[in-house]
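Data first, discussion second: the structure below is written as structure tokens.
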Amino acid sequence: SSAILTGLIDVGGPDVGPTVTAIAVTPEFLRPGTLATLTCLAVPPPGRLIVGYEFDFGDSSTLVNGPSNTATHVYQAVGTYPATCRAYDASARSGFLQKGVVVYAPSYTLQVNRIGSGSGLVYSNPSGLSCGSVCSADFATGSTVTLTALASPGSRFAGWSEPSCL
């Protein structure tokens, strides 16, 4: 009787490991307690195979090591974490890349201040703001908020002073 055996063979070549080209993180806007998926994109040297990946999430948690180029993790606190992915071949040659993973506060405060002597109303979509001279409201991180200004008779709306407001 005969058997077929399969194995990985190191074909030699340059003493370099895989090149890690990117670490993708989803969802884009992470909040504490949200499940994050990190995907490691790597290219092996010619004639070699990538046999494993190691993920360090940058928050002193246990490393994840295995054949998959994706790993999931839950970050517990707001902050920027230096996540690292290491890809390696059968000869333990490896390459790595580090990326800052940002975990945002669950919400942010948007504040509106009137400048000048005119009067009117500013309101938001989604709802939350509906005010005259000064007001603020909290919105979920990553949400798009549209502000609308309505000038009172005899007043005019001249524009937004913050460059990031379009």
Side-chain angles (χ1 to χ4, degrees), residues 16-45 49-89 92-116 118-151 157-166:
V16 297
T19 301
V20 179
T21 58
I23 301 172
V25 181
T26 55
E28 180 180 359
F29 294 102
L30 284 174
R31 297 182 183 128
T34 303
L35 183 67
T37 301
L38 281 68
T39 303
C40 185
L41 305 173
V43 178
L49 298 173
I50 295 172
V51 297
Y53 297 86
E54 179 182 83
F55 290 89
D56 180 343
F57 301 104
D59 62 354
S60 301
S61 60
T62 303
L63 300 178
V64 172
N65 194 347
S68 177
N69 73 326
T70 63
T72 58
H73 184 67
V74 176
Y75 289 95
Q76 298 300 323
V78 171
T80 301
Y81 298 91
T84 303
C85 171
R86 183 176 71 90
Y88 53 90
D89 63 20
R93 292 179 185 98
S94 65
F96 71 94
L97 182 68
Q98 188 174 78
K99 175 181 181 156
V101 175
V102 180
V103 180
Y104 296 93
S107 64
Y108 63 94
T109 301
L110 177 62
Q111 182 169 336
V112 174
N113 298 311
R114 183 186 71 212
I115 300 172
S119 62
L121 190 65
V122 174
Y123 61 93
S124 65
N125 185 11
S127 64
L129 285 173
S130 181
C131 53
S133 61
V134 177
C135 68
S136 64
D138 290 337
F139 295 94
T141 299
S143 62
T144 298
V145 178
T146 302
L147 299 177
T148 302
L150 181 61
F157 174 68
W160 303 109
S161 63
E162 175 63 38
S164 63
C165 292
L166 305 173

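The basis for the numbers below is simple: all heavy atoms, side chains too, and nothing from hydrogens, waters or symmetry mates. Keep in mind the model is a prediction, meaning the values are calculated, not measured.
With respect to T72, the side chain to side chain contact (heavy atoms under 4.5 Å, CB included) criterion is satisfied by exactly one of T26, L38, L35: L35.
Summarising the geometry, atom OG1 belonging to T34 is positioned 12.0 Å from atom NE2 belonging to H73; distances are rounded to the nearest 0.5 Å. One finds the CZ atom of F55 at 11.0 Å from the CG atom of L63 (value rounded to the nearest 0.5 Å). Between atom OH of residue Y123 and atom CG of residue L147 there is a gap of 10.5 Å, rounded to the nearest 0.5 Å. Atom CD1 of I50 sits about 8.5 Å away from atom OG1 of T19, to the nearest 0.5 Å.
Ring geometry for Y75 against F57 counts as perpendicular: the plane angle is over 60°, on a 0 to 90° scale with 30° as the lower cut.
What you find for G17 and P45 is that their closest heavy atoms are O-CG, 3.5 Å. Among all heavy-atom pairs drawn from C40 and Y53, the shortest one is SG-CD2, 3.8 Å. Counting all heavy atoms, side chain and backbone alike, P27 lies closest to A36 at CD-CA, 4.4 Å. The heavy-atom pair separating V102 from L30 by the smallest distance is O-CB, 3.7 Å. R93 and P18 make their closest contact through O-CD, 3.5 Å (heavy atoms, listed as atom of the first residue, atom of the second, distance).
Looking at T21, its side chain does come within 3.5 Å of a backbone N or O of L41 through a donor-acceptor pair.
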